[in-house]
Protein chains: 2
Amino acid sequence: MNDYYRHIAACNPPVDEVFLPWRVDHHLVGWIRPSFADLLQDFDDIFDLRDDEVRLDRRLQGFTERSDSLGAVARELAGRGITPPLMDEPYAVTPAGRESALCVVDRAAAAYFGVRSFGQHLNGFVRAADGLHMWLGRRARDRLLFPGALDNMVAGGLPHALTLQDNLIKECAEEAAVPENLARKAVPVGAISYNRVAERGFRRDVLYCYDLELPEDFVPRNTDGEVEEFMLLPVEEVAKIVKDTDDFKLNCNLVVIDFLIRHGFFDPDSPEYLDLVMGLRQPLQTAGNQPGPVA
Amino acid sequence: MNDYYRHIAACNPPVDEVFLPWRVDHHLVGWIRPSFADLLQDFDDIFDLRDDEVRLDRRLQGFTERSDSLGAVARELAGRGITPPLMDEPYAVTPAGRESALCVVDRAAAAYFGVRSFGQHLNGFVRAADGLHMWLGRRARDRLLFPGALDNMVAGGLPHALTLQDNLIKECAEEAAVPENLARKAVPVGAISYNRVAERGFRRDVLYCYDLELPEDFVPRNTDGEVEEFMLLPVEEVAKIVKDTDDFKLNCNLVVIDFLIRHGFFDPDSPEYLDLVMGLRQPLQTAGNQPGPVA
């Protein structure tokens, strides 16, 4: 099972660089790489840059004013090619859960600000006579991240102010043409979390996980161009892909491992079992739990 | 859901007292309350008591010699009424997983030595036309711990050197007269963990969790005197008991909460959802992760 655990380790690498706390009104909402903080000097009416932290200017007050200012910054940085093009998906900037958002920032810039990020991943499976099968997607080749990699049947980020239920139904329709009445049968089965130092910044992600049992005659069909193809594989074969390859998008491996655990595909007598169960839920790095030695 | 979280909090109280590390061969295997360490002065050929830690005497070598010495201590302490009567269930003394045991100590004394403890809890459920129902047991009134409290259908500690599968089949037979062919259908679905300062000592417990779907006509029957009665309740009613009462044995609440999460009974849009999901799996307090300020 060490072959499985390596994916958990890859999603939670050691934090061996400095990130600056980013605060809104003294609330810690993110972690920013010093090199990115340097770029924010061009916006000194929006950010108050200190040696040891980044603050949103205290003159900016209220959800809308703060969000508009961050929107202007994100637009400018995307225009300069520093961050990817805007995605028009507002992500919560929050010291705690989604419901505590102090403002929003476009998804394209969110990782650079090291804000918490929330997503939903759905395991679409079929209970066939010869055992469980799982629907996988292959990401389109033109996707910015992990082009061509395997993906869970439905997976998407969670914009601010959309309920989990509404966003899931939307993603089910867009990614796999799952009709709403079927999508509503998706069972929320928990969540996984990880803290990943990535190229863009410090990711502190939560993925809400869902199981959706599908009729044998259902065939997913992509409608938004994000998925190149779908395939239906025996769960044992999916497990082997996770175990032996890096074909899956990084965090999707964890979603599959969680599915395999919950459905009894792992032997709990194995010494690695507890590492997998515990490793899927990492305490979120927040205030007082600093990711690295701050200068 | 705060009404649910209070059980997780109760299983993980703040550690505000000093425990002494207990080492075997420099391996940290447990945490001992100083008042209990004082009692070990009577066994100075077995323990090497220091100001800041307790060591098993280095002259004791090998699994058997160490286990025999600890057995003598446990017998003597039980005889003096300091610990409960011996249970003849050897518990692993280990710096890591069960497979790394350096010796064993009787279950009756294990909590005083603050060793890791492993158990198995099984959710017996029925998929009826009107929804899921769960079998609960009520603990016999003469049980040492939590007499008369509600319990999962089958639950037991995990003695050293028994496989999870063998012990589960044994417990299923003893506690609920589940025939072996049915017990083998139990699905391992993960594990929960907590670190609890209890009257006896510092508990660092892992409970392996199982779901067993039962035929509608199956009725559990206790054979070992540990269960006073069994009852079959709609899962919503079981949830209400956990939410509104303290009728369950403390850690069984967590097993039920895990079941409720995995089967979609909680709304993930609730702000407490992530606290519950994350709270069920506490990092184990081990070396370098000291429970309290050690003198």
Side-chain angles (χ1 to χ4, degrees), chain A residues 94 96-101 116 118-120 132 158 161-168 184-194 205-213 257-284 286, chain B residues 94 96-101 116 118-120 132 158 161-168 184-194 205-213 257-284 286:
Chain A
T94 173
R98 297 177 68 221
E99 70 288 351
S100 311
R116 287 190 72 173
F118 302 88
Q120 291 173 293
L132 291 193
L158 196 49
L162 261 186
T163 66
L164 288 165
Q165 179 79 311
D166 287 347
N167 192 58
L168 188 70
R184 284 193 184 276
K185 291 185 179 158
V187 178
V189 290
I192 63 170
S193 63
Y194 53 86
D205 293 3
V206 167
L207 306 182
Y208 293 92
C209 300
Y210 296 80
D211 281 0
L212 176 57
E213 184 171 347
I257 292 170
D258 178 62
F259 181 92
L260 294 172
I261 290 172
R262 287 184 293 97
H263 289 270
F265 284 88
F266 285 142
D267 174 8
D269 259 315
S270 159
E272 292 82 16
Y273 188 78
L274 293 178
D275 290 340
L276 292 178
V277 172
M278 304 297 158
L280 288 176
R281 285 130 200 132
Q282 298 288 332
L284 218 59
T286 53
Chain B
T94 172
R98 297 177 69 222
E99 70 287 353
S100 310
R116 287 190 73 174
F118 302 87
Q120 290 172 294
L132 292 193
L158 195 48
L162 261 186
T163 67
L164 288 164
Q165 179 78 311
D166 288 346
N167 192 58
L168 187 70
R184 284 192 183 277
K185 292 186 178 156
V187 178
V189 290
I192 63 170
S193 62
Y194 53 86
D205 292 3
V206 166
L207 306 182
Y208 292 92
C209 300
Y210 296 79
D211 281 0
L212 176 58
E213 185 172 347
I257 291 170
D258 178 63
F259 181 92
L260 295 171
I261 290 171
R262 287 184 293 99
H263 289 270
F265 283 89
F266 286 142
D267 175 8
D269 260 316
S270 158
E272 292 83 17
Y273 187 77
L274 293 179
D275 290 339
L276 292 178
V277 173
M278 304 297 158
L280 289 177
R281 285 131 200 129
Q282 300 288 332
L284 218 60
T286 53

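So you know, we letter chains A, B, ... as the sequences are listed, proteins then strands, and number each from 1.
Within the 4.5 angstrom heavy-atom criterion, no atom of A/Phe265 approaches chain B. Both the backbone and the side chain of B/Val277 come within contact range of chain A, judged by heavy atoms closer than 4.5 Å. Using a 4.5 Å cut-off between heavy atoms, A/Leu274 contacts chain B through its side chain alone, with no backbone atom that close. With a 4.5 angstrom heavy-atom cutoff, A/Phe118 touches chain B only via side-chain atoms.
For the options A/Ser100, A/Ala186, A/Ala191, A/Gly97, heavy-atom pairs under 4.5 Å to chain B are most numerous at A/Ala191. For chain B, the option among A/Ile192, A/Thr163, A/Val189 with the highest count of heavy-atom pairs below 4.5 Å is A/Val189.
Here A/Ser270 contributes atom OG and B/Leu164 contributes atom CG; the two are 10.0 Å apart, rounded to the nearest 0.5 Å. Distance CD/B/Glu99 to CD/A/Glu272: 8.0 Å, rounded to 0.5 Å. With rounding to the nearest 0.5 Å, the separation of CZ in A/Arg262 from CZ in B/Arg262 is 8.0 Å.
Shortest non-hydrogen contact noted between A/Gln282 and B/Met278 is O-SD, 4.5 Å. Considering every non-hydrogen atom in both B/Pro188 and A/Phe266, the closest pair reads CG-O, 3.8 Å.
With contacts defined as side-chain heavy-atom distances shorter than 4.5 Å, the pair B/Asp269/A/Arg98 qualifies.
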